[in-house]
S.K.: 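Dumping the structure here so I can ask a few things about it.
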Amino acid sequence: MDPSVLDDIAKSLEGIDLSIGSIDGIQLPQITCDAWDIIQNFQAREDDILVATYPKAGTTWAHEIVDLILLEGNTEKAQRAPCFIKVPFIDLVLPKPAKSAVEVANEMESPRLLKTHLPIQLVPPSFWEKNAKVVYVARNAKDCMVSYYYFQKMNKGLPDPGTWDNYFSSFLSGEVPWGSWFDHVIGWWKARDKYQILYIFYEDMIEDPMREIRKITRFIGKNLSEEVLEKIKEHTSFKAMKENPMANYSAFPSSLMDQSISPFMRKGTVGDWKNHFLMSQNIVFEEEYKQKMDGAGLIFRDLLP
Ligand code: PPS
């Protein structure tokens, strides 16, 4: 990778508008709102693979796995660039001098691996017109909330989350960037049979990574040996990714992501919410959860105390 790419990203981030705007009632970074026409007109290709998630659901883990599946386990090639460069995040269009994710994607050879956090109704329509494949990863709301809280603390590109108590209320009411967790996971769940969407769960990936890697491999249409699958599992373990400078965001400008506040690869576990939720918050959460998830037919594990 040309090292000037990182310099350009740092320069673009220097004067960036860090405010939050909204599209159709969903909070999004202002730079996303400003580039909304460009994002909506993104031209998908039929062999694209889009990793879609609510923030903090395991995006980086999933796209590292998909990248290695496409590379048939070639871990050297997987190190070609930091993950935020090799997998364009189509929701963010940085100002010059950096190339926007859309420009980078347009110049990429197929098959492309792309990332989005957009709720399904805001995904550029060409993905559906081209019937591209989507790997959607869902993570239980409580752990997502905790992970997002720490991320908003360390990521200066997102609003300061304030106190845990305030954040708890904002998250539950969907007043956070990329909107309501509930609407996101349910929206994608409802569409899973209409389009080529593989809907998987972070908790399942933690329980049995090989099983989930096999599932993704089949979905992508690859046939890989057990040895290669094992190699992919090892290379994408939490420990390996935490130590991998191409996966752990250490190459990202620290002025924007201050990993001394909280590392990007923070804990990588299921159930960390138990260390954060007060009993009273858990009661409020459970009540809201029942109402909002009622009838969705979508079951998450590790929610109950
Ligand atoms: S982002 O910024 O929305 O793209 O973040 P995202 O990658 O979706 O989520 C980050 C959380 O995923 C955890 N993570 C992992 N867990 C287990 N195994 C692996 N390999 C792995 N890679 C990333 C990461 O630690 C964040 O979760 P928390 O709970 O904060 O640790």
Side-chain angles (χ1 to χ4, degrees), residues 27-29 32 50-69 75 78 82-92 101 113-119 135-158 161 164 167 171 176-179 181 184-185 188 200-213 216 231-252 256-259 261-277 302:
Q27 281 192 14
L28 288 169
T32 298
L50 180 66
V51 170
T53 55
Y54 188 77
K56 311 322 287 180
T59 331
T60 317
W61 189 8
H63 67 53
E64 204 56 22
I65 291 172
V66 176
D67 188 38
L68 277 161
I69 293 172
T75 48
C83 58
F84 53 87
I85 291 174
K86 70 178 180 179
V87 184
F89 180 26
I90 59 163
D91 313 9
L92 282 191
L113 172 57
L114 307 162
K115 156 181 168 177
T116 186
H117 288 319
L118 291 171
V135 176
Y136 184 84
V137 187
R139 185 181 193 183
N140 79 77
K142 292 180 180 176
D143 283 332
C144 256
M145 189 192 299
V146 171
S147 182
Y148 209 175
Y149 172 68
Y150 283 100
F151 190 60
Q152 286 197 222
K153 266 175 179 276
M154 65 80 104
N155 186 339
K156 304 300 168 198
L158 296 175
W164 165 246
Y167 192 71
F171 186 95
V176 289
W178 285 278
W181 177 92
H184 208 283
V185 295
W188 279 93
I200 57 174
F201 295 88
Y202 179 91
E203 294 72 23
D204 290 344
M205 291 168 73
I206 291 279
E207 181 183 69
D208 189 345
M210 271 301 260
R211 181 188 61 210
E212 300 308 305
I213 292 170
I216 301 171
K231 192 172 167 196
I232 294 175
K233 185 191 100 177
E234 291 307 318
H235 195 79
T236 57
S237 71
F238 180 74
K239 186 171 180 296
M241 284 182 61
K242 192 174 172 70
E243 287 165 5
N244 179 353
M246 296 299 157
N248 65 14
Y249 277 81
S250 55
F252 201 82
L256 211 75
M257 274 193 197
D258 186 346
Q259 302 217 27
I261 296 177
S262 179
F264 185 90
M265 296 288 167
R266 200 181 57 89
K267 288 204 172 171
T269 55
V270 178
D272 186 38
W273 65 268
K274 291 170 191 161
N275 299 316
H276 295 80
F277 276 52
D302 208 76

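Whatever order the structure lists them in is the order used to number ligands and atoms, beginning at 1. Here the structure is a predicted model, which means the values were calculated and not measured.
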S.K.: For atom 3 (O) of ligand 1, what is the nearest protein heavy atom, given as residue, atom name and distance?
M.R.: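 Nearest neighbour among protein heavy atoms for atom 3 (O) of ligand 1, to 0.1 Å: Lys56 N, 2.9 Å.
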S.K.: With heavy atoms of Thr59 as the reference, note each atom of ligand 1 found under 4.0 Å away.
M.R.: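 Counting from 1, the qualifying ligand atoms are 1 (S), 3 (O), 4 (O), 6 (P), 7 (O), 8 (O).
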S.K.: Answer yes if the ring centres of Trp164 and Phe277 are under 6.0 angstrom apart, and no otherwise.
M.R.: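 Yes, close enough.
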S.K.: Relative to the heavy atoms of Gly268, which atoms of ligand 1 are at a distance of less than 4.0 Å?
M.R.: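 Matching atoms, with element in brackets: 16 (N), 17 (C), 25 (O), 28 (P), 31 (O).
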S.K.: Heavy atom of Tyr150 under 4.0 Å from ligand 1?
M.R.: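 Checking ligand 1 against Tyr150, which is what was asked, there is no heavy-atom contact under 4.0 Å.
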S.K.: Nearest 0.5 angstrom please: Arg139 CZ to Thr59 OG1, how far?
M.R.: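 So the gap between those two atoms works out to 9.5 Å.
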S.K.: Under 3.5 Å between some N or O of ligand 1 and some N or O of Gly58?
M.R.: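 Indeed, backbone or side chain, Gly58 has an N or O that close.
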S.K.: At a 4.0 Å threshold, what atoms of ligand 1 neighbour a non-hydrogen atom of Ser237?
M.R.: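 Those qualifying, in numeric order: 20 (N).
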S.K.: Is there a heavy atom of Tyr202 sitting under 4.0 angstrom from any atom of ligand 1?
M.R.: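 Tyr202 counts as a contact of ligand 1 under the 4.0 Å cut-off.
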S.K.: Could you measure the distance from the CG atom of Leu113 to the CD1 atom of Ile65? Nearest 0.5 Å is fine.
M.R.: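 Rounded to the nearest 0.5 Å, the CG-CD1 separation comes out at 11.5 Å.
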S.K.: Which residue and non-hydrogen atom of the protein lie closest to atom 26 (C) of ligand 1, and at what distance in Å?
M.R.: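 The answer is Ser147 OG, 3.8 Å.
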S.K.: Going by the atom numbers of ligand 1, which of them fall below 4.0 Å from some non-hydrogen atom of Thr236?
M.R.: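 Near Thr236, meaning under 4.0 Å from one of its heavy atoms, ligand 1 has 20 (N).
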S.K.: Hey, is the main chain of Asp143 close enough, under 3.5 Å, to the side chain of Asp272 for a donor-acceptor pair?
M.R.: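 Such a contact is absent between Asp272 side chain and Asp143 backbone.
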S.K.: Which ligand 1 atoms are under 4.0 Å away from a heavy-atom of His117?
M.R.: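 What qualifies from ligand 1 is 1 (S), 3 (O), 4 (O).
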S.K.: Under 4.0 Å from a heavy atom of Met265: which atoms of ligand 1 are those, numbered in the order shown and with their elements?
M.R.: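 In order of numbering, the contacting atoms are 22 (N), 23 (C), 25 (O).
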S.K.: In this structure, does ligand 1 have an atom that sits under 4.0 Å from one of the heavy atoms of Asp272?
M.R.: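 Not so, Asp272 does not reach ligand 1.
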S.K.: Short list, please: which atoms of ligand 1 are under 4.0 Å from a heavy atom of Thr60?
M.R.: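 Here the atoms of ligand 1 in question are 4 (O), 6 (P), 7 (O).
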S.K.: When the aromatic ring centroids of Trp61 and Tyr202 are compared, is their separation below 6.0 Å?
M.R.: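 Yes: the rings meet the under 6.0 Å criterion.
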S.K.: Using the ring centroid of each side chain, check whether His276 and Tyr167 are separated by less than 6.0 Å.
M.R.: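 For His276 and Tyr167, the ring centres are not under 6.0 Å apart.
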S.K.: Whether the side chain of Lys86 engages the backbone of Ala78 through a donor-acceptor N/O pair (distance < 3.5 Å, no angle test) should be reported.
M.R.: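 Flag set: sc Lys86 to bb Ala78 pair under 3.5 Å.
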S.K.: Counting both backbone and side chain atoms, is some N or O of Lys115 under 3.5 Å from an N or O of ligand 1?
M.R.: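 Indeed, backbone or side chain, Lys115 has an N or O that close.
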S.K.: Mind checking the CZ-CE spacing from Phe238 to Met265? Nearest 0.5 Å is all I need.
M.R.: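 Reported value, rounded in 0.5 Å steps: 7.0 Å.
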S.K.: Taking the six-membered ring of Tyr149, is NZ or CZ of Lys142 closer than 6.0 Å to its centre and within 45° of its axis?
M.R.: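 The answer is no, since Lys142 fails at least one limit relative to Tyr149.
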S.K.: Can you tell me the protein heavy atom closest to atom 24 (C) of ligand 1 and the distance?
M.R.: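 Going by distance alone, atom 24 (C) of ligand 1 is nearest to Phe264 O, 3.8 Å.
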S.K.: Can you list the ligand 1 atoms lying under 4.0 Å from a non-hydrogen atom of Pro55?
M.R.: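 Atoms satisfying the 4.0 Å criterion: 3 (O).
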S.K.: Roughly how far, to the nearest 0.5 Å, is CZ of Arg211 from NZ of Lys233?
M.R.: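 Answer rounded to 0.5 Å: 12.5 Å.
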S.K.: Looking at His63 versus Phe89, is the centre-to-centre ring distance below 6.0 Å?
M.R.: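 Between Phe89 and His63, which both carry aromatic rings, the centre distance is not below 6.0 Å.
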S.K.: Decide whether an N or O pair under 3.5 Å exists between Arg266 and ligand 1.
M.R.: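 Checking ligand 1 against Arg266, an N or O pair does fall under 3.5 Å apart.
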S.K.: Any nitrogen or oxygen of Lys267 lying under 3.5 Å from a nitrogen or oxygen in ligand 1? Just yes or no.
M.R.: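 Among all N and O atoms of Lys267, at least one is under 3.5 Å from an N or O of ligand 1.
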S.K.: Strictly by modelled atom types, are Trp178 and Asp91 linked by a side-chain donor-acceptor pair under 3.5 Å?
M.R.: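 Looking only at side-chain atoms, Asp91 and Trp178 do form a donor-acceptor pair, the distance falling under 3.5 Å.
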S.K.: Look only at interatomic distance and state if Met241 has a nitrogen or oxygen under 3.5 Å from any nitrogen or oxygen of ligand 1.
M.R.: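 By distance alone, the answer is no.
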S.K.: Considering both backbone and side-chain atoms of Phe151, is one of its nitrogen or oxygen atoms within less than 3.5 Å of a nitrogen or oxygen in ligand 1?
M.R.: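 For ligand 1, there is no N or O atom that lies under 3.5 Å from one belonging to Phe151.
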S.K.: When you measure from the heavy atoms of Arg139 to every atom of ligand 1, does any distance fall below 4.0 Å?
M.R.: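 Yes; Arg139 lies near enough to ligand 1 that a heavy-atom distance drops under 4.0 Å.
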S.K.: Check whether His184 reaches the backbone of His117 with its side chain - one donor and one acceptor, N or O, closer than 3.5 Å.
M.R.: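 Checking the backbone N and O of His117 against the side chain of His184, a donor-acceptor pair under 3.5 Å is found.
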